[in-house]
Amino acid sequence: MEKFDVIVVGGGLAGLGAAYTLARQELEVLVLEKGDYPGSKNVTGGRIYVSPVRELYPDLWAKAPLERFIAHEGVTMMAKERSVSVNYSGQELLQEPCQSYSILRAKFDRWFAKQAERKGAMLVTKSRVDDIIMEDGRVAGVWAGGDELRADVVIACDGVLSFTAEKAGLRGPGKPQDHAVGFKEVIELPAEVIENRFRLEGNEGAAHMFMGEVTRGKFGGGFLYTNKESLSLGIVVGIKDLMEGSPAVEAPQLLDEFKQRPEIAALIKGGETVEYSAHVIPEGGLKALSRLYGNGILVAGDAAGFSMNIGVTVRGMEYALASGYYAAQAVLQARENADYGASGLAVYEQLLKNSFVMKDFENFKDAPHVLENPRFFQHYPELVTNMMRDLYEMPSGPKDRIYPTMKKYMKLGELVKMFGDFRKVRKI
Ligand SMILES: Cc1cc2nc3c(=O)[nH]c(=O)nc-3n(C[C@H](O)[C@H](O)[C@H](O)COP(=O)(O)OP(=O)(O)OC[C@H]3O[C@@H](n4cnc5c(N)ncnc54)[C@H](O)[C@@H]3O)c2cc1C
């Protein structure tokens, strides 16, 4: 039987963030990761917002294996036969320090794990936690591969379906309406092809989101990020929508259809798919967060539900890094007070409340409800793209004036519904 100061379950960004921060303070930390190496089981779309977490890990970013800084943003409304895109570039996106980067987790997590090990954390891969040790009403350690491993505190960072938090009674099994599923391919292309196709200079990168027909009008969307020598392309669909939709749709089929769209086919042409992955994402927002602490245990990252999709941004990685950091800070404070019970670890929730993490979740607490409106994913993409079709159409005879062309889409009934939809959008 071995005893550590802290056992971290899961070597993703939350787990490695906690381990790195604790090891920096010379605590004995053990990270148990079931994958072959950190990053091997971790799926993300591909863009990390560094600005909110830069100061939490000041010595990390200069050498981090990030792909491209995002200098060009885009969003496309896709209807069945046409699409409308808005692209955004700005001087502020070019300025150092850059806001966000494309990232490949297989590279980044592996590197981050090495930094945590250098600080003194102990990482054991191919090691699945099978159970927690409960003793006198508190979590006292874990069972992994038949080994009994004890610690003052266990930090559950085992991702979206966190079995550790569930075993400790801090969350129930996930509900379909609070989760989405994502499918992603990494498609290799030479750097100069990517730079030409996306009009990128040097290490500039592009991020593009898609909504509408890409999910056949279901809650969710598509994403495309440029890496150094590959593209990350994928879709995310709400699980409840997927289960209830009729006719039934196989989500992987949506990704295949997405790739065949002419708008996408031209961008990935000649590329080779070198990675395919699928993963669940917590998207239930504030109301779906787990309890964050208990006797001898803290929950961070996706395990706690810290991931958010508000259409134009999908965020989870910086919440994982930040919650891992604050979990570590909570352990350090609990250690000073020699109290690893729920009362000693409760400071974790306060630290999160004072940070951007809980402030974001408060600010966007209505987002899941507002965005589940199917009109955003079906009606508006059709409406907007049809308007564009009529605007640009050149008939063989005389062309109608612009105002009546547009006005025919703005009947009273439509305007009333639009007003209702956008009144709700004010909440986010
Ligand atoms: C398709 C998709 C697109 C996304 N796009 C973005 C994006 O562009 N930007 C963004 O910021 N976020 C995005 N997210 C969300 C983001 O990827 C997650 O929020 C983030 O990866 C969570 O990190 P984590 O460390 O909490 O969990 P994870 O990265 O899932 O790590 C959990 C770790 O725990 C390990 N583990 C699980 N169970 C056990 C066990 N019993 N024993 C030992 N180890 C265990 C796993 O192997 C894994 O390594 C996306 C997610 C998906 C799926």
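First listed ligand is number 1; within each ligand, the first listed atom is number 1. Since the model is a prediction, treat every value here as computed from it, not as a measurement.
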Exceeds 12 heavy-atom contacts within 6.0 angstrom, atom NZ of Lys287: yes
Non-neighbouring partners of [X] that pass ring-ring contact (aromatic ring centres under 6.0 Å, His included), sequence neighbours left out:
X	value
Phe219	Phe377
Phe364	none
Phe210	His208, Phe258

Amino acids contacting ligand 1, non-hydrogen cut-off under 4.0 Å: Val9, Gly10, Gly12, Leu13, Ala14, Leu32, Glu33, Lys34, Lys41, Asn42, Val43, Thr44, Gly45, Gly46, Arg47, Arg105, Ser127, Arg128, Val129, Cys157, Asp158, Gly159, Gly182, Tyr225, His279, Ile281, Gly301, Asp302, Ser307, Val314, Arg315, Gly316, Met317, Glu318, Ala320
Cation-pi geometry met for Arg315 and Tyr49 (6.0 Å, 45°): yes
Between Tyr325 and Tyr20, ring centroids under 6.0 Å: no
